Protein chains: 2
Amino acid sequence: MKPTTRKEEIIFQASQLFKEKGFSAVTMRDIAQLMGMKAASLYNHIEGKQEILSILILDLAKGFTSGMREIEQMKISPLQKIEKLIELHIDITVNQSEALASLNNDWMHLEDQDLEEFVRMREDYEEHFRNIIKEGISVGQIQPRHPEVILFSILSTLRTLYLWYQKRGKLDVNILKRDMVAVLLRGII
Amino acid sequence: MKPTTRKEEIIFQASQLFKEKGFSAVTMRDIAQLMGMKAASLYNHIEGKQEILSILILDLAKGFTSGMREIEQMKISPLQKIEKLIELHIDITVNQSEALASLNNDWMHLEDQDLEEFVRMREDYEEHFRNIIKEGISVGQIQPRHPEVILFSILSTLRTLYLWYQKRGKLDVNILKRDMVAVLLRGII
DNA sequence: ACAACTAACTAACAAACGTTAGTTTTGTAT
DNA sequence: ATACAAAACTAACGTTTGTTAGTTAGTTGT
């Protein structure tokens, strides 16, 4: 995800700051300094601070939505779909961990239609995930526990993976996928 | 955790706002309005905005630290200690979900010694947790997978439980404990 | 050579920020 | 009633905030 245009570069650098301090604590002057320019110059490329957040979060949310749609259409078992979803999250984490931080922590600072659109997409995503779990239970592939507990347990681990992935010196993605699938599906004992 | 003094009430109300919008996006005037007073009046009771954050986070972190110490001294197996830790997190989540949100999301806005103290406490906590997992592996109670993956998977679920607990209409704590222990330890299949 | 465009700049704005100082109100004990 | 302390108030401060306006330097196309 190397930025090509100047606008993309601004958004990328901003995402680094957002990840560290959160959207509200980052100023346009902070972003400008990282870009090696003055704050006012940023406005030659972007509409404002809100647009940066909006692009960061909504683009990523669309990535999750389209990933979910692809996996749902595959002719594989519910359990295999969950494995694919775990891999989807890991791939996105590895490639876009900064935007993921904003999506997790700063989505509530989106405004108006952007906020509405995000909340709708997130609810849709969770609903589809939940249905896959329910189907897995009904075909006997998954233990008959409350789907909500299972959904939350998996999702919260995947959603905060970005906090942990970088700290542990970028271990191999394929090994990570294998271990995460094992721990999340089969437990630890 | 019902606030008794006026100072505690301010901190409690502030924590509600911090949970919703994050420390940086909440103003002293926001807090004052929720308290039904003017911003300047807050300073009759507290030193400043930083003190609120500091008390919220460090008090809670000490709660985790002392909980960990108690569990470590118990004469029970590593696996039983992990169960106790899961229950500790759930108890704290149920009783102090607002402070937990600040601890998770706004710790980086602590200053100087407060920041140092928090980071030290968190590292200690994780280290002790990791050692219990390692001991569980070495006595054959826990699958011989990378302790880091296990630690992260459990901790990230427990740490974000506060986001999920309230949404699902306050289900019974004991049922929650039972299901969480089951999912986290035995997996879902 | 000249026009057009791009992307930086300086300067400044109005609003909002955390906080301080000094004053007034309120409740309580003598 | 008087004195005192607690807790609210008004007014203002110096900064910082996101953003706008107008200008300037460098590049490109004709």
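As the structure is a prediction and not an experimental result, all values here were calculated from the model. When reading the values below, keep in mind they use all heavy atoms of this one structure, side chains included, and skip hydrogens, waters and symmetry mates. Chain letters run A, B, ... following the sequence lines, proteins first, then strands; residues in each count from 1.
- Taking OG1 of A:Thr160 as the reference point, atom OH of A:Tyr165 lies at 15.5 Å (rounded to 0.5 Å).
- Look at CE on B:Met35: it is 14 Å from C1' on D:dA6, rounded to the nearest Å.
- When the P atom of C:dG22 is taken as reference, atom NZ of B:Lys38 falls 21 Å away, rounded to whole Å.
- A salt bridge does not link A:Arg69 with A:Glu72: every distance from a Lys NZ or Arg NE/NH1/NH2 to an Asp or Glu carboxylate oxygen is 4.0 Å or more.
- The distance between atom CD1 of A:Ile46 and atom C1' of D:dG18, rounded to the nearest whole Å, is 10 Å.
- Among the nucleotides D:dT20, D:dT10, C:dT19, the one closest to any side-chain atom of B:Ala40 is D:dT10.
- For the pair B:Met28 CE and C:dA16 P, the computed distance is 18 Å after rounding to whole Å.
- As judged by a 4.0 angstrom heavy-atom cut-off over every strand, A:Arg29 is placed among the base-contacting residues.
- Contact annotation for A:Ser41: base contact, defined as any heavy-atom pair under 4.0 Å involving a base atom.
- The aromatic rings of A:His89 and A:Phe64 lie tilted to each other, with the angle between the two planes from 30° to 60°.
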Could you walk me through whether B:Asp30 and B:Thr27 pass the side chain to side chain donor-acceptor pair (under 3.5 Å) check? CA-CA 5 Å; B:Asp30 290 336; B:Thr27 73; 3.3 Å; yes

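- With rounding to whole Å, A:Leu42 atom CG is found 14 Å from D:dT17 atom P.
- One interatomic measurement links the two molecules: CD of B:Glu8 to P of D:dA7, which rounds to 13 Å at whole-angstrom precision.
- Side chain of A:Asn44, nearest nucleotide from C:dA7, D:dA8, C:dT19: C:dA7.
- For C:dT6, neither phosphate oxygen OP1 nor OP2 lies less than 4.0 angstrom from any side-chain nitrogen or oxygen of A:His45.
- Listed nucleotides D:dT20, C:dG18, D:dC9 differ in distance to A:Tyr43; the shortest reach to its side chain belongs to D:dT20.
- Counting to the nearest Å, the C1' atom of D:dA6 and the CZ atom of B:Arg6 are 11 Å from each other.
- In this structure, B:Ile10 places its CD1 atom 14 Å from P of C:dG18, rounding to the nearest Å.
- For the pair A:Leu79 and A:Leu185, the tightest heavy-atom approach, listed with the atom from each and the gap, is CD1-CD1, 4.3 Å.
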